[in-house]
Each structure stands twice: as C-alpha cells, then as structure tokens.
Colleague: 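Right, I'll just put the structure down here and ask away after.
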There are 2 protein chains.
Amino acid sequence: MEDGIEIIAIEDDQDILNLLEYHLQKEGYAFTGFLSTKNVEQFLEEESPALMIVDRNLPGLEGSEFVSQMRQKGYTIPVIFLTARDKEKDLVEGFECGGDDYVTKPFSNKELMVRVKALLARSGVGMVQKIRFRDIKLDLAKREAWVDKEPIDLTNLEFKLLQTFVSKPNVALERDFLRDEVWKDESIDFHDKTINVAISRLKKKIDPDGTKNYFLPVWGVGYKMI
Amino acid sequence: MEDGIEIIAIEDDQDILNLLEYHLQKEGYAFTGFLSTKNVEQFLEEESPALMIVDRNLPGLEGSEFVSQMRQKGYTIPVIFLTARDKEKDLVEGFECGGDDYVTKPFSNKELMVRVKALLARSGVGMVQKIRFRDIKLDLAKREAWVDKEPIDLTNLEFKLLQTFVSKPNVALERDFLRDEVWKDESIDFHDKTINVAISRLKKKIDPDGTKNYFLPVWGVGYKMI
DNA sequence: CAAAGACGGAAACAATTTGGCAACAACTGC
DNA sequence: GCAGTTGTTGCCAAATTGTTTCCGTCTTTG
C-alpha cells in the first residue's frame, strides 16, 4: 500500500519490537528493528527511513539523548517516542528535544497507526494531499482539480495559481506575492497584466458562467479568493 | 506570557470546560468556552482564535462534523479533538477530517499543554494580523475593515491611511509623516490638500453621520485619531 | 478686539491608475 | 510543424486619486 515507506524502531524489548514489526508490516511499511542504538547511525547513513520510533528508556544511552545527538548531526527524521504512561516529565522533554510525537505504553495498534500516519503526512511523506475550499477540491499529488465534483482540466500555471489561492482563502494576495509564489524567479519586466490574464483564464475554467465569483479583485493590491 | 493568544473550546460538559479554562488561563492564554457549536461560527468570524479544542461527542452536531464544515468554509484554525479513550474509531476520523491532534479523556494537564504548545508552534502562530481601536477593526490579511461590526468598503489608500492611524492612536501624526508613510515616495509637488481630502473621504466612509469624531485636526501639524 | 492671513472642510471636476478581456505573439514539447 | 500553453499588447470601462475652488474657522498680531 504505502509504497516502500521505511520505518525503523529502537526498543530493547524484543516482544514490543515484534509487535511493531507485525503491525507496521501489515500496514505495508518496510520495517527494521533495533534492540539498541548501536548500528542505528550507520543504518541512517545508508537508508534514510521516513520515520523512527524510539523507546525513551533504553539501556545505556537514553532514547531522547540519542535523538538529540542525531539532530545535532543534521538528521531531521521525524520521531515518535514510546514512553511509559506514568512518566509525564519524559513527555515534555520528548517534544523539547526535537521529537515530533509520542505514544504512551502500553499503546494500542490503532493509536500508533494514526500517529504514524499523521506524522508522515505532516512531514510530507506519501502524502495524499488534498485541499479544498468551497466546492473546489485539489489533489496535489495527482495534480487534479474538481469543481462541484466535476473534474476540471487545468494547465500547470492555472493549477499553481489556484493552489496558491485555495491555500490562503479569504486572504488578499498581493501581486508581488503571487509573482514570487506562482511565477517564482523571472524577475525583470514582469508585466502587470500577466496576472490579470492568468486569473481571467482561470476564472473562465472553474466558473464558466461567472456566477460563483471566486475571485475578488482588491484594487491596487491583488486578488482575494472568497 | 503568550501575549494575547486566544484559544476556544467546545465541550458540553461544563466541568471540563472550567478545567480547560483554569489551566489555559494559568498558562496565559485568552480562553473562551462554548457548550455547543452554536454561536461558534459567528465568533470565528469576528475573533479568529489561534486554536480550537473540540469534543468529539457533542449533542446534536458532532464535533468532527462541525470541524469539517468549518474547513469547507475556509477556516484553517488548528483543532485538538477531545475523545474518550475507548472510542478509537473516532480518533481515526478525527485526523482524517482535518483535525490536527487529539487528546483522550481523561487527560492530564501536562499532556494537554504539551499538545497545545506543539500545535501552536506547528501552525506558526502570530501571523494573523488584526488591529483595532475603539470600534474600528482592521484585518490586514483579508484587507477588510469593520466599524461597529459593520464591514466597510475601503479603497487601498483609505485602508493604508486608516491602518496608519489605528497603529498610532491618540498620537498627532504630522503631515510629513503621513506623506512618507502612506504616499511613500512621490516627493515632488505634493499638494497639501491631498491629505485633507483623503482624510475627509475616509471620515465620510467610517463615520457618515459625523458623530464619532475619530479624527481631530491638529492645527498646523496634522491629524490625531482619538 | 478686529482684521488679515493661514489652515481645514466639502464638493465638483479632472487626471490617473487599475482591472477585464480579447486578440495576437512567443514559446514549449512532441 | 502542430497543438497546447503562456506572455504581451491594446482598448475599454470603472474605480480611485489628485486638483481646484469656495467657504468657514482658527490663530495671530497690531
């Protein structure tokens, strides 16, 4: 299912490691388990998994300490800490040292899976990114757009433009901002009318009758999607 | 501490609401509680809090359903769901419908605070720009203005002008300052009366009856908003 | 205190800026 | 070279902004 997404776990309890392996593999993730932090760094150098599950209470080097070290060395891999339910002080430190979420032991399969998926989504992995506003829906991964459940064929520019607006609904976007955001660099001799025309074309595609008034011109500033 | 960050909660259990209020206010957040989803949308239109805590099991409209509706309408406010520990199916839906985190009841103060802070950090709080003075409110992002809760249609120049005054209430702003601040460059042959006329037009828009006397002319100097 | 001059208020008019849109041109990838 | 996409230009309409004028009010000063 989640094509080739790799998750590793560091946990000194072999039973829990097996449990993690079972559930995560069932969900389609590639899984590698470690009983200690040893060899993990070497593994990270070679494999770059998408997520790391770390027990707070490891023998020898503490889990949070290990993550701190990895962060220092520049690894930004998202981390879910496993922590005993009664150790709430750990929890705070877990967030503070750069960990991204935590799960208390004993954990349920479902809770873990939800947090794994949420964290992966947050870090932009295997995203099924969909954004919507009013009756407009955009699938960023597939680059498809729907208006009122009808698929709309948009060009690349139109899609970027619409995405920019749907990401910031009800906000007046200045022409300079749009130029930076949609047209990126191309600095010199950028004609003002370029934006007007692009908006005009987009309007005609997503609202041929002109009855829905998605775009409101903000005079002297830019446009606002309403 | 967290200066003026506003958090609202929707929870039908008054005791829990009080608990939330106590803890969140102790941490320095401005808090508003709701016993149902009624009135919440109206509140959101006016206040735009930084975070919303929503019980999944509300009487009438379900919490997740409500959040879905708000998202459809373009509200991107981060949400923490409160959910009973045994209802894990809810939990999954919570993430799916756009919620950003969840906390299981009964929750500990610390867990809640950690998640609140993490979510606020993740959503980059402090970007919503709203300024107000007397019964005037300006939303800089939306470029909308309200007087006495009534939306007022302002031109770009008028908006910049009003923003300048609302940012410095009770201060006499010199004409030179206004020229620099509102009219930027355009140095040469700037007629004095230009400012007069601009102020005059602005006055007529935000106070048609002329009863509120927002602007006090400071003879030979400029204007003061009072 | 009164008159003159300076300044602000309001309305009308003029100039400028801006957006919509259509048509044409340039570009791109195949 | 063709079809699709994107940028440019020009015309029109509308909104905004600047200028002028006249008048009333305030300040100053003799």
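Per chain, numbering begins at 1; letters A, B, ... match sequence-line order.
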Colleague: What is the separation between atom CG on B:Asn196 and atom P on C:dA6, rounded to the nearest whole Å?
Modeller: 16 Å

Colleague: Taking the side chain as everything from C-beta on, heavy atoms only, tell me whether B:Lys205 gets closer than 4.5 Å to B:Leu154.
Modeller: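 B:Lys205 vs B:Leu154: side chains touch.
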
Colleague: Measuring from the side chain of A:Trp219 (C-beta onward, heavy atoms only), which nucleotide among D:dG18, C:dG9, C:dT18 has the closest atom?
Modeller: C:dT18

Colleague: Figure out the CG/P separation between B:Leu154 and D:dT17, and round it to whole Å.
Modeller: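 Result: 10 Å.
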
Colleague: How close do B:Ala141 and A:Val171 get, heavy atom to heavy atom, and via which atoms?
Modeller: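 It is O-CG1, 3.5 Å.
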
Colleague: For D:dG18 and B:Trp183 - does any side-chain N or O of the residue sit under 4.0 Å from the phosphate oxygens OP1/OP2?
Modeller: yes

Colleague: Which residue is it: B:Asp139, B:Ile136, B:Ile152? I am looking for the one with a side-chain contact (heavy atoms from CB on, under 4.5 Å) to B:Trp146.
Modeller: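 Answer to the side-chain contact (heavy atoms from CB on, under 4.5 Å) test with B:Trp146 among B:Asp139, B:Ile136, B:Ile152: B:Asp139.
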
Colleague: Whether the side chain of A:Lys193 and the base of D:dG7 hold a donor-acceptor pair under 3.5 Å is what I'd like checked.
Modeller: no

Colleague: Let me know the distance between CG of B:Leu173 and P of C:dG8, rounded to the nearest Å.
Modeller: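 Checked: the CG to P distance equals 14 Å.
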
Colleague: Nearest whole Å is fine: how far is D:dT16 P from B:Leu161 CG?
Modeller: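 Those two atoms, CG and P, are 15 Å apart.
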
Colleague: On the nucleotide D:dT16, are OP1 or OP2 found under 4.0 Å from the side-chain N or O atoms that B:Thr155 carries?
Modeller: no

Colleague: Using a heavy-atom cut-off of under 4.0 Å over every strand shown, decide if A:Tyr223 touches base, sugar-phosphate, or nothing.
Modeller: sugar-phosphate

Colleague: Can you check the B:Asp192 CG to C:dG8 P distance for me, whole Å?
Modeller: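 So the two atoms are 8 Å apart, to the nearest Å.
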
Colleague: So which one's nearest nucleotide on DNA chain C is more toward 5', A:Arg175 or A:Val197?
Modeller: A:Arg175

Colleague: Could you check how far CG of A:Leu202 sits from P of D:dT5, rounded to whole Å?
Modeller: 13 Å

Colleague: Verify the contact: side-chain N or O of B:His191 to OP1 or OP2 of D:dT19, cut-off strictly under 4.0 Å; return yes or no.
Modeller: yes

Colleague: With a 4.0 Å cutoff (strictly under), does any side-chain N or O of B:Lys204 reach OP1 or OP2 of C:dG9?
Modeller: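 So the side chain of B:Lys204 is outside the cut-off, no N or O lying under 4.0 Å from OP1 or OP2 of C:dG9.
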
Colleague: Distance check needed: D:dG4 C1' versus A:Arg201 CZ, whole Å only.
Modeller: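 From A:Arg201 CZ to D:dG4 C1': 11 Å.
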
Colleague: Can you check whether B:Thr194 has a side-chain N or O nearer than 4.0 Å to OP1 or OP2 of D:dT19?
Modeller: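 Indeed, a polar side-chain atom of B:Thr194 lies that close.
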
Colleague: Would you classify A:Asn156 as touching base, sugar-phosphate or nothing, given that sugar-phosphate means primed atoms plus P, OP1 and OP2, and contacts are heavy atoms under 4.0 Å?
Modeller: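 Answer is sugar-phosphate: A:Asn156 comes under 4.0 Å of backbone atoms only.
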
Colleague: What is the distance, rounded to the nearest whole Å, between atom CD1 of A:Ile199 and atom P of C:dC21?
Modeller: 11 Å

Colleague: Please tell me whether B:Phe34 and B:Phe43 form a close aromatic pair, meaning their ring centres lie under 6.0 Å apart.
Modeller: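 B:Phe34 vs B:Phe43: aromatic centres under 6.0 Å.
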
Colleague: With no hydrogens and no angle check, is any side-chain donor or acceptor of B:Glu158 less than 3.5 Å from a backbone partner on B:Thr155?
Modeller: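 Looks like yes, one N/O pair under 3.5 Å.
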
